[in-house]
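Take a look at the structure below.
This is a predicted model, so every value here is computed, not measured. Order of the sequence lines sets the chain letters (A, B, ...), proteins ahead of strands, with each chain counted from 1.
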Amino acid sequence: MSEDQRLTKRSEDFSAWYNEVVLRAELADYSPVRGCMVIRPRGYAIWELMQRALDDMLKATGHQNAYFPMLIPESFLAREAEHVEGFAPQTAVVTRAGGKELEEPLVLRPTSETIIYAMFAKWIQSYRDLPLLINQWANIVRWEKRTRLFLRTTEFLWQEGHTAHINEEEAETEARSILALYRRFMEEWMAMPVITGLKTESERFAGALRTYGCEALMQDNKALQAGTSHNLGQNFAKAFDVDYQTAAGQMDYVWNTSWGVSTRLVGALIMTHGDDKGLVLPPRLAPVQVMIVPIWKTDADRVAVLQVSHRVSEVLRESGLRVEVDDRDGMKPGAKYYQWELRGVPVRLEIGPRDVAEGQAILARRTGGKVPVKMDEISEFVNETLEMLQRSLLDSAKSRQAQNSVRDVTMDQLVELMAGKGGFAYGGFCGNAACEQRIKDETKATIRVIPDPDFQSERKPRKCVACGEAATTEAVWAKAY
RNA sequence: CGGGGCGUAGCGCAGCCCGGUAGCGCGCCUGCUUCGGGAGCAGGAGGUCGCCGGUUCGAGUCCGGCCGCCCCGACCA
């Protein structure tokens, strides 16, 4: 019976494990429409916590929220040549509405650059209107061929920031500082280390001058692009006539950036911290941080234990924590333990008659270990434990990433690595697209980023992994989601 | 879009080869006993066997077609 209830082990079949965690922890479910997903309350609560944290960070850096419509005239996409080429195959188009054919088809936004810059063109007249820093929380539709819960679905939720600046330097600073902001969010909130850097030409966003990315290494040693930030240059400004009068009285086009993270981050969280018992949530993003499980035999025990449990819950809530009491009848404590472990709750407090008598509770950490805690120290102790868990999740994810990163690889090593265990492979790159393609063909690995200084190897690789000519830069390869 | 797998109760599956009253485990409902790591007993509810057609006295089972989902590859946040 308990055999049935066990998850597939990560080592047996990582994909099966991932799907089981998502479904059984009730984060999401499949929808009647192929490729779409329903985000269930337990999953949506995680996204809401992510949203709140990111929204605060973006507002603190001067960005304002707005909302632009989901339906975009098809002709808008076409105005920026590279952009339309990149997105046309993925768009869903409304051709019929109100009982008749539309004069112009409407695209369900695959991203909002076109509609937003069309509006920017109306709103920006003078250099005094710049910079314009806009963010929106929205849904997006991209007709993906192969979908996976949270990681790639036909419709998903995200935030997309769109900014307009007076010159290239300002736009570049914006794109880079958002990348840094994402990194900070991923490390401090998700406890997920990433490497940041520049995307190569082949992975650049359609219509951008430069694309930057945050890449995280999942437990199956595949990389997941967790966030992107683009310096769009003046491409969209020119396509949509976003011009303004400079201080000197000349007309000039603005410089734009756009950047986003999506509900994919929920998938990243699962694949970064989850274990064979299920979901493991970092405390700062756990919808329930502490689950109190009362234990009783007799009715008298039951009354006393529940009373203490609710009082502890109140005390912890007053200290700012998200706490619940699992007072369900007819389910044994052990069964509750397994269930909340599957659902990723960081800390569990077990309170039984013996604990009530001794003025204590048993604290169980999701990552392992039980310890008795005196009632009069419980608030402080639980808070400290949660902070410790948050730190230790980041630490162990960091060391896993470090252990699965190889520096200064040769072509042979790269081939062997990607055929075997995978991971991040750092090596020299000549900058030639042909070399990038050849490596992709031979290893199925792609360049995830040209790493930022924080992530570069101490000894710079001298030669290109593929051709052996002088390297112009270091690159990080991995098989990617 | 190619390769593989699977569609039978909410979930996981058996039954199909060899046609003859649709089953098992978990879950669910009721009651009693339980409760410190996935409870026990008793009773009960729940199915157009993915869809359409064919063969047959009779199809979950045989034949033909279609659809859907999952996994692996080519394309992507």
Suppose you measure atom [atom1] in [N] against the same atom in [M]; what distance do you get, rounded to whole Å?
N: B/C17; M: B/C62; atom1: P; value: 5 Å
N: B/U56; M: B/C63; atom1: C1'; value: 12 Å
N: B/A22; M: B/G46; atom1: C1'; value: 13 Å
N: B/G50; M: B/A9; atom1: C1'; value: 15 Å
N: B/U61; M: B/G7; atom1: C1'; value: 15 Å
N: B/G37; M: B/C28; atom1: C1'; value: 23 Å
N: B/C49; M: B/U8; atom1: P; value: 11 Å
N: B/G20; M: B/C1; atom1: P; value: 38 Å

Between A/H162 and A/S258: side-chain donor-acceptor atoms closer than 3.5 Å: no

Test item: side-chain donor near acceptor, A/T111 and A/R109, under 3.5 Å: no

Pairwise 5' ranking along RNA chain B for A/D299 and A/F156, keeping only the more 5' one: A/D299

Of A/T298 and A/E144, the one whose closest RNA chain B nucleotide lies more 5': A/T298

To the nearest Å, give me how far apart [atom1] ([X]) and [atom2] ([N]) are.
X: A/K145; N: B/G3; atom1: NZ; atom2: C1'; result: 16 Å
X: A/W143; N: B/A77; atom1: CH2; atom2: C1'; result: 17 Å
X: A/Y182; N: B/A77; atom1: OH; atom2: P; result: 14 Å
X: A/E82; N: B/C76; atom1: CD; atom2: P; result: 12 Å
X: A/D301; N: B/C35; atom1: CG; atom2: C1'; result: 10 Å
X: A/K277; N: B/G38; atom1: NZ; atom2: P; result: 13 Å
X: A/D326; N: B/C35; atom1: CG; atom2: P; result: 18 Å
X: A/R152; N: B/C76; atom1: CZ; atom2: P; result: 10 Å

Sub-6.0 Å ring centroid separation between A/F120 and A/Y117: yes

Heavy-atom protein contacts under 4.0 Å, nucleotides 67-73 of chain B, coded B base, S sugar-phosphate only, - none: --SSSBB

A/W189 and A/F185 aromatic ring geometry - parallel, tilted or perpendicular at 30°/60° bounds: parallel

Parallel, tilted or perpendicular: rings of A/H230 and A/F205 (30°, 60°): parallel

The single option from A/K444, A/Q437, A/R438 passing side-chain hydrogen bond (donor to acceptor under 3.5 Å, both in side chains) against A/D441: A/Q437

In the structure shown, which nucleotide is the Watson-Crick or G-U wobble counterpart of [N], with both distances under 3.5 Å?
N: B/U30; value: B/A42
N: B/G12; value: B/C24
N: B/C18; value: none
N: B/A59; value: none
N: B/G2; value: B/C72

Salt bridge (Lys or Arg N to Asp or Glu O under 4.0 Å) between A/E20 and A/R10, worked out: CA-CA 11 Å; A/E20 285 173 29; A/R10 289 164 297 171; over 6 Å; no

For RNA chain B, the residues among residues 329-342 of chain A that have a non-hydrogen atom under 4.0 Å from it: A/K332, A/P333, A/G334, A/A335, A/Y337, A/Y338, A/E341

Contact residues, residues 353-372 of chain A to RNA chain B [heavy atom, < 4.0 Å]: A/P353, A/R354, A/D355, A/I362, A/K370

Basic-acidic side-chain contact under 4.0 Å: A/E358, A/R354: no

Salt bridge (Lys or Arg N to Asp or Glu O under 4.0 Å) evaluation trace for A/E172 with A/R210: CA-CA 9 Å; A/E172 182 67 12; A/R210 281 185 289 279; 2.9 Å; yes

So [X], base contact, sugar-phosphate only, or nothing? Heavy-atom distance under 4.0 Å.
X: A/L151; value: base
X: A/G352; value: base
X: A/R348; value: base

Over-ring placement of A/R348 relative to A/Y337, 6.0 Å and 45° cut-offs: yes

Sidechain-backbone polar pair: A/R24 side chain, A/G278 backbone, donor-acceptor under 3.5 Å: no

N or O in side chain of A/K440 less than 4.0 angstrom from B/C75 OP1/OP2: yes

Trace of the side-chain hydrogen bond (donor to acceptor under 3.5 Å, both in side chains) decision for A/S202 with A/R204: CA-CA 6 Å; A/S202 65; A/R204 185 174 51 78; over 6 Å; no

Candidate pair A/V373 and A/T385, rule side chain to side chain contact (heavy atoms under 4.5 Å, CB included), full reasoning: CA-CA 11 Å; A/V373 187; A/T385 301; over 6 Å; no

Intermediate values then yes/no, salt bridge (Lys or Arg N to Asp or Glu O under 4.0 Å), A/D55 and A/K59: CA-CA 6 Å; A/D55 202 58; A/K59 293 219 176 98; 2.5 Å; yes

